[in-house]
Amino acid sequence: MGAGSMYYDEYGKENEKIIVMLHGANFVHSFGKQYQLADRYHIIVPHLMGYGNETDKIFNADEQINELVGFISSLEKKVALVGFSLGAQIGFRLAAEHQELFTCAIVVSPWLCKNKETTEQVLKENEKQFALFKKKWLCSLIGLMNGLPKEQRKEFVEQMQKVSIDTVRNSVDNGITLESVSSFENLTIPVMALAGGKEQDVVKNSVIKMSRLNKYCSYEIWDKAAHNIPAICAKQFNELICKIVG
């Protein structure tokens, strides 16, 4: 479904409380195992610029924030915000700069502690992965390993053929860091920052530092998880969403 210029999926439209879920890079269905919460919430999943059904655009963090602010404002009520990976970075900045739009935020696996060296390293890794995604059979296997059901996997393979290398580069080098978003310290809505115990230190440190910067932000590190909490820890994660969103 489109809203002005933004495409989004929605589930549980009949429900009162809205959760806007911001997916990770490449995986529009990062929250495939959260869609079952549509029995009690109205879930909206915008396709981020350059991904999913938005591959005619190149990802740009500033433009993406502006698009989301316009879209969420048009819903005319405060929403809960859940973001994963790239979506968590965007969600972090979005909540910090526009807290009037939200009741609470759950930020999963954000990478906010960055320097030139780690950014270059992640860029190289993502460029390699990008080349793999262009092989359909391999792309399908990656979708399977990320817990995507058959239909979503098929969609994912088709969408990934249209993603551009510039989108991948801009997603990695997006300028969103703990230092660049100074307004996070002034946020007064409840924020939960989550990371997996098997994730890189830069991700774990990001959630720890978020909680130090803001007294309304708490964090948890789930020992058994890697960069896959929404899919692999779905039961525990869904319970957490219900507890925080209410």
Side-chain angles (χ1 to χ4, degrees), residues 6 17-25 30-31 41 43-46 48-49 59-116 118-119 170-196 199-222 229-230 237 240-246:
M6 182 183 286
K17 280 188 177 170
I18 300 175
I19 306 178
V20 171
M21 295 187 166
L22 303 178
H23 64 79
S30 300
F31 296 108
Y41 300 111
I43 293 170
I44 298 177
V45 185
L48 299 180
M49 293 176 82
F59 180 83
N60 175 291
D62 293 338
E63 285 174 29
Q64 182 62 84
I65 295 283
N66 290 339
E67 268 194 8
L68 285 163
V69 169
F71 173 63
I72 296 167
S73 302
S74 75
L75 300 172
E76 296 183 339
K77 61 158 80 171
K78 289 189 179 192
V79 305
L81 182 66
V82 179
F84 171 65
S85 195
L86 173 62
Q89 295 173 55
I90 294 164
F92 165 75
R93 183 176 154 191
L94 197 56
E97 294 177 356
H98 299 277
Q99 66 168 316
E100 71 284 354
L101 298 174
F102 305 106
T103 55
C104 60
I106 302 172
V107 174
V108 189
S109 302
W111 170 40
L112 301 166
C113 298
K114 298 175 186 172
N115 59 35
K116 194 166 182 278
T118 54
T119 302
N170 291 358
S171 299
V172 172
D173 197 4
N174 58 35
I176 302 172
T177 66
L178 288 168
E179 294 75 31
S180 71
V181 184
S182 55
S183 44
F184 180 72
E185 294 169 27
N186 307 320
L187 197 58
T188 56
I189 60 168
V191 178
M192 170 57 79
L194 270 186
E199 296 207 67
Q200 291 172 307
D201 287 344
V202 286
V203 175
K204 289 185 279 192
N205 290 339
S206 294
V207 302
I208 294 166
K209 288 180 179 178
M210 278 176 69
S211 75
R212 287 182 190 155
L213 280 171
N214 187 303
K215 65 179 181 180
Y216 298 101
C217 178
S218 45
Y219 82 93
E220 289 180 11
I221 292 176
W222 292 2
I229 284 175
F237 184 50
L240 179 84
I241 291 173
C242 294
K243 186 177 150 192
I244 291 173
V245 176

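Computed from a predicted structure; not experimentally measured. One-based numbering along the sequence shown.
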Which atom pairs, donor and acceptor, lie under 3.5 Å between side-chain atoms of residues 75-88 and protein residues at least two apart or in another chain?
{"residue": "Lys77", "atom": "NZ", "partner": "Glu16", "partner atom": "O", "Å": "2.8"}
{"residue": "Lys77", "atom": "NZ", "partner": "Glu16", "partner atom": "OE2", "Å": "3.2"}
{"residue": "Ser85", "atom": "OG", "partner": "His227", "partner atom": "NE2", "Å": "2.9"}

Rounded to the nearest 0.5 Å, what's the gap from [atom1] on [X] to [atom2] on [Y]? Could you check?
{"X": "Glu199", "Y": "Ile221", "atom1": "CD", "atom2": "CD1", "result": "9.0 Å"}
{"X": "Ser109", "Y": "Lys204", "atom1": "OG", "atom2": "NZ", "result": "11.0 Å"}
{"X": "Cys217", "Y": "Lys209", "atom1": "SG", "atom2": "NZ", "result": "14.0 Å"}
{"X": "Ile176", "Y": "Phe92", "atom1": "CD1", "atom2": "CZ", "result": "8.5 Å"}
{"X": "Glu179", "Y": "Phe184", "atom1": "CD", "atom2": "CZ", "result": "13.0 Å"}
{"X": "Asn66", "Y": "Leu94", "atom1": "CG", "atom2": "CG", "result": "10.0 Å"}

Grab the two heavy atoms, one from [X] and one from [Y], that are nearest each other, plus how far apart they are.
{"X": "Ala195", "Y": "Val203", "result": "CB-CG1, 4.2 Å"}
{"X": "Ile189", "Y": "Tyr216", "result": "O-CB, 3.5 Å"}
{"X": "Pro46", "Y": "Phe71", "result": "CG-CE2, 4.3 Å"}
{"X": "Asn60", "Y": "Met49", "result": "O-SD, 3.7 Å"}
{"X": "Ile90", "Y": "Leu48", "result": "CD1-CD1, 3.8 Å"}
{"X": "Cys104", "Y": "Ile244", "result": "SG-CG2, 3.9 Å"}

Asn214 (side chain) donor-acceptor with Leu187 (main chain) under 3.5 angstrom: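 Judged by distance alone, yes, a pair lies under 3.5 Å.
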
Looking at Ser218 and Met192, would you say the former's side chain and the latter's main chain have a donor-acceptor pair under 3.5 Å?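 It does not hold such a pair.
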
Testing Asn174, Asp173, Thr119 one by one against Lys114 for a side-chain hydrogen bond (donor to acceptor under 3.5 Å, both in side chains), which residue passes?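 Of Asn174, Asp173, Thr119, side-chain hydrogen bond (donor to acceptor under 3.5 Å, both in side chains) with Lys114 is met by Asn174 alone.
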
Counterpart residues, ring-ring contact (aromatic ring centres under 6.0 Å, His included), relative to Phe102 (two or more places apart):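 Residues passing ring-ring contact (aromatic ring centres under 6.0 Å, His included) with Phe102: none at all.
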
I would like to know whether Met21 and Ile241 meet side-chain contact (heavy atoms from CB on, under 4.5 Å); could you show each step before the answer? CA-CA 11 Å; Met21 295 187 166; Ile241 291 173; 4.2 Å; yes

Checking Leu101 against Val20 for the side-chain contact (heavy atoms from CB on, under 4.5 Å) test, could you report, in this order, the C-alpha distance in whole Å, the side-chain angles of both residues, the deciding distance, and whether it holds? CA-CA 11 Å; Leu101 298 174; Val20 171; over 6 Å; no

Is there side-chain contact between Leu22 and Leu68, with at least one heavy-atom pair below 4.5 Å?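 Answer yes - side chains close enough.
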
Do Tyr219 and Met210 have side chains that get closer than 4.5 Å, going by heavy atoms?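 No, too far: nothing below the 4.5 Å cut-off.
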
With a cut-off of 6.0 Å (strictly less than), are more than 12 heavy atoms of other residues, nucleotides or ligands near CD of Gln200?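 12 or below, so no.
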
When you check the side-chain N and O atoms of Ser183 and Asn186, is any donor under 3.5 Å from an acceptor?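 Ser183 vs Asn186: no donor-acceptor pair found between side chains.
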
Residues forming a side chain to side chain donor-acceptor pair (under 3.5 Å) with Gln64, sequence neighbours excluded: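 Here no residue qualifies.
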
